[in-house]
Amino acid sequence: MAQRLNLVVSRHFSKLTSLSSTRKLAENVSSKPKTASGSEITADHLLYTPEHFALKESLKKIIDQDINPYVDQWEAEGIFPAHKVFKLLGNAGFLGVNKPVEYGGLGLDFSYSIAVSEELGNIRCGGIPMAIGVQTDMATPALARFGSTELKKEFLLPSIMGDKVACLGVSEVGAGSDVATIKTNAVREGDEYVVNGGKMWTTNGTQADWMCLLANTSDSPSHKNKSLICLPMNSPGVHIARKIDNMGMRSSDTAEVFFDDVRMPCKNLIGQEGMGFTYQMLQFQEERLWACSNILTMMDNIIQETIQYTRQRKIFKMPVLYHQSVHFRLAELETEIELLRSLLHRSTALYIKCNDVTKLASMAKLKAGRLSREVGDSCLQYWGGMGFTSNVLVSRFYRDARLLSIGGGADEVMLSIICKYMDTLPKK
C-alpha cells in the first residue's frame, strides 16, 4: 500500500504537477506539518521547508507500520526482504526523491534526499537504512547523471520504482578505501566487455538484481582506467561466493561476489569509458552526506532512550540520570550532535547550489563516524548490564555504528582528503 503525500506547492509546482496525477506521495500537506523529531522546528528550519517535513512524516508512517514491527525478526534471520521493502518505498516515491521525473523520480533537490535519510534513521537498526541508501545514493547517482537513456530505462527506472534491487561493486579484498587499486578488469572484445575479478563487502549482494560495477577497462593510469558498468547479477559467470557474517548490520545481506568471464554489452557502460573513478568520487560525496544524516537521527534516538532509561533506573538511591557525570556527558554529546547537524545542513545547502563540498562532506563523514562511536559507548555504559544484552537498541547501535568509520571511506582517508584541501600533505 503506497503512502502518498501531496507535494505540489508553489515553489515546486511546475516540477511536480506532472507527478500529481500519477505518483504523488498522497495526503495533503498541512500548513504546519508535524516533525519526525521533537528537536526540529518546522517554521524556522535553515534548510527544510514544510514540504520536507511532510515528506518525512509520510515516510515515518511507513517505517512505523511496515518496517519497525519486523526489524527484530529480520535482525535474527540475518536478512530482510529487500524486494518487498523496496517496492513499498518505491510505490511511495522514496527511492527516487532527487531523481528525474521521466524515470519515476520526484525531481527534487538533494536536500530532500537528506531529509529522507534522516527519517530512515528512525528504523530500529542500521542494516536496513544502509541497504536503502545503497539503492538511492550509492549505486544510482552516476547512472542518473551520466547514463544513456536506454540504460536509465533498463536499470534506473525499475530501481526507483522498487522493482529491482541494486548493489555497488567497488570494494575488493585488497582494495577498500583505496579505490584506485582495484583489480577487477573489464576487457573489451568487440561490442562486449569480458569481466573477471571479484568484489567484497557488497551490500544487498545476495538479493540484488544488478550491480553498479567499477572495473579497470584499460591500462591507463589508475585514475583514468576505470569505468562504471551496469551488470545484471543473473548474468552467466556471476557467482555469489558467500554471505558474510558481520559483527553488526545484521539484517543487511553482505556478499562476496566473483566474476568469471562475464560478458557485458558495451552499451551497459555508464557515461564515458575511463571516467569511472571520477564518477565514483562524485557518488561518494552524496553517499557520505547521506550516511551522516542517517546516523544523526539514530544518535538522537539513542540519547533520548538513554535519558528515559536512566531517569527511572536508580543507583545509590537516586536515578542514574541525576548523577552529574551522566547528565553532563549527555549534554556534551547532544551539543556535538547539533554541531554535526549544522555542518551537514551547511554542506547540503552548498551542494544543491553546485558547490564542491568534498572537504565538508569528508569532515561530516569523519565526525559522524567518531561521534557515533562516542554516543554508543557512553550511552551503553549508562545502561549497565542491560546495555550488554542484545535485546536493547543501544547495544544494536553500538555494533552497527562501528561501520561508519570504515565503510564509504575510512576515517584515515577522510583525514587525508581534508589535509589535501588544507595543503598539508607531504609533497611527493
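Counting from 1, the numbers follow the sequence of the chain as shown.
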Report the distance from atom CH2 of Trp290 to atom CE of Met130, rounding to the nearest 0.5 Å.
9.5 Å
side-chain hydrogen bond (donor to acceptor under 3.5 Å, both in side chains) contacts in which one or both residues fall within residues 397-406, not counting sequence neighbours
Arg373-Ser405, Ser405-Asp411
Would you indicate whether Lys84, at its atom NZ, is surrounded by more than 12 heavy atoms from other residues, nucleotides or ligands within a distance under 6.0 Å?
no
Is Lys153 paired with Glu102 through a side-chain N to carboxylate O contact shorter than 4.0 Å?
no
Flag, side chain of Thr140 to backbone of Gln135, donor-acceptor distance under 3.5 Å:
yes
Would you check, one step at a time, whether the test side-chain contact (heavy atoms from CB on, under 4.5 Å) holds for Arg250 with Asp245?
CA-CA 8 Å; Arg250 302 294 298 174; Asp245 186 16; 2.7 Å; yes
Would you confirm whether Gln285, through its side chain, and Met281, through its main-chain N or O, come within 3.5 Å as a donor-acceptor pair?
yes
Can you tell if the side chain of Met264 reaches within under 4.5 Å of the side chain of Pro232, non-hydrogen atoms only?
yes
Is a salt bridge present between Lys367 and Glu336, judged by a nitrogen-to-oxygen distance below 4.0 Å?
yes
What pairs of residues pass the ring pair (Phe, Tyr, Trp, His ring centres under 6.0 Å) test when at least one of them lies in residues 70-89, not counting sequence neighbours?
Tyr70-Trp74
Does Ser117 reach the main-chain N or O of Asn294 with its side chain, forming a donor-acceptor pair under 3.5 Å?
yes
Any Met298 side-chain heavy atom under 4.5 Å of Val375 side chain
no
Within the distance-only criterion (no hydrogens, no angle test), does the side chain of Asp137 pair as donor or acceptor with the backbone N or O of Glu287 below 3.5 angstrom?
no
Close side-chain approach of Lys87 and Asp163, heavy atoms under 4.5 Å
yes
Within the side chain of Lys164, is there an N or O that forms a donor-acceptor pair under 3.5 Å with the backbone of Glu154?
yes
Does Glu51 reach the side chain of Tyr112, with side-chain heavy atoms less than 4.5 Å apart?
yes
Distance (rounded to the nearest 0.5 Å) between Thr306 OG1 and Phe397 CZ
9.5 Å
Within this structure, what is the OH-CG distance for the pair Tyr421 and Asp356, rounded to the nearest 0.5 Å?
4.0 Å
Please list all pairs meeting ring pair (Phe, Tyr, Trp, His ring centres under 6.0 Å) that have one or both residues in residues 357-395, counting only residues at least two apart or in different chains.
Tyr309-Trp383
When rounded to the nearest 0.5 Å, the distance separating CD1 of Ile302 from OG1 of Thr297 is 11.5 Å
May I ask you to test the Ser378-Leu333 pair for a side-chain heavy-atom distance under 4.5 Å?
yes
Run the ring-ring contact (aromatic ring centres under 6.0 Å, His included) test against Trp201 and tell me which residues pass, sequence neighbours left out.
none
Enumerate the salt bridge (charged side-chain N to carboxylate O under 4.0 Å, His left out) contacts for residues 386-396, please, sequence neighbours excluded, ordered by first and then second residue.
Asp72-Arg396, Glu75-Arg396
To the nearest 0.5 Å, tell me how far Leu120 CG sits from Leu89 CG.
7.0 Å
Excluding sequence neighbours, so at least two apart, what forms ring-ring contact (aromatic ring centres under 6.0 Å, His included) with His223?
Phe277
For Glu77, look at atom CD and say whether over 12 heavy atoms of other residues, nucleotides or ligands are found less than 6.0 Å away.
yes
Under a 3.5 Å cutoff, is there a donor and acceptor pairing between the side chains of Glu172 and Thr184?
yes
Presence of salt bridge, Glu338 and Arg341, under 4.0 angstrom:
yes
Can you list every salt bridge (charged side-chain N to carboxylate O under 4.0 Å, His left out) pair that touches residues 379-394, not counting sequence neighbours?
none
Mark yes or no for whether Ser58, through its side chain, and Leu55, through its backbone, hold a donor-acceptor pair below 3.5 Å.
no
Sequence neighbours left out, what passes side-chain hydrogen bond (donor to acceptor under 3.5 Å, both in side chains) with Thr389? Give chain and number order.
Asn391
Summary of ring pair (Phe, Tyr, Trp, His ring centres under 6.0 Å) pairs that have at least one residue in residues 332-351, sequence neighbours excluded
His45-His345, Tyr48-His345, Phe110-Tyr351
What I want to find out is whether Lys60 reaches Glu119 closely enough, with some N-O distance under 4.0 Å, to be called a salt bridge.
no
Atom pair CG/OG1 of Asn246 and Thr254 - distance to nearest 0.5 Å
4.0 Å
Among Thr206, Thr203, Thr202, find the one that has a side-chain hydrogen bond (donor to acceptor under 3.5 Å, both in side chains) with Asp253.
Thr206
Strictly distance-based, threshold 3.5 Å: is any side-chain N or O of Lys226 a donor or acceptor partner for the main-chain N or O of Ala180?
yes
Which residues satisfy the side-chain hydrogen bond (donor to acceptor under 3.5 Å, both in side chains) test with Ser252, sequence neighbours excluded?
none
Name of the residue among Ile114, Leu344, Leu371, Asn301 meeting side chain to side chain contact (heavy atoms under 4.5 Å, CB included) with Leu296:
Leu344
Please check if any side-chain donor atom of Ser148 sits under 3.5 Å from a side-chain acceptor atom of Glu150, or the reverse.
no
Looking at every heavy atom in both Val134 and Cys167, which two are closest together, and how far apart are they?
CG1-CA, 4.0 Å
With sequence neighbours left out, what residues match Gln304 under side-chain hydrogen bond (donor to acceptor under 3.5 Å, both in side chains)?
none
Can you find a heavy atom in the side chain of Phe146 that is under 4.5 Å from one in the side chain of Leu228?
no
Derivation of the side-chain contact (heavy atoms from CB on, under 4.5 Å) call for Met275 and Ile270
CA-CA 9 Å; Met275 288 295 291; Ile270 297 175; over 6 Å; no
Sidechain-backbone polar pair: Asn68 side chain, Asn122 backbone, donor-acceptor under 3.5 Å
yes
Counterpart residues, side-chain hydrogen bond (donor to acceptor under 3.5 Å, both in side chains), relative to Ser111 (two or more places apart)
His52, Asp109
Could you check Ser113 against Thr136 for side-chain contact (heavy atoms from CB on, under 4.5 Å), going step by step and ending with a plain yes or no?
CA-CA 9 Å; Ser113 291; Thr136 60; over 6 Å; no
Which atom pair, heavy atoms only, marks the closest approach of Ala131 to Asn204?
CB-OD1, 3.1 Å
Got a donor-acceptor contact below 3.5 angstrom from the Arg288 side chain to the Ala364 backbone?
no
As a quick check of understanding, evaluate side-chain contact (heavy atoms from CB on, under 4.5 Å) for Met363 and Ile417, giving each step before the final call.
CA-CA 9 Å; Met363 289 176 169; Ile417 293 171; over 6 Å; no
Check whether Lys359 reaches the backbone of Lys420 with its side chain - one donor and one acceptor, N or O, closer than 3.5 Å.
no
Answer whether the closest heavy-atom distance between the side chains of Leu340 and Met299 falls below 4.5 Å.
yes
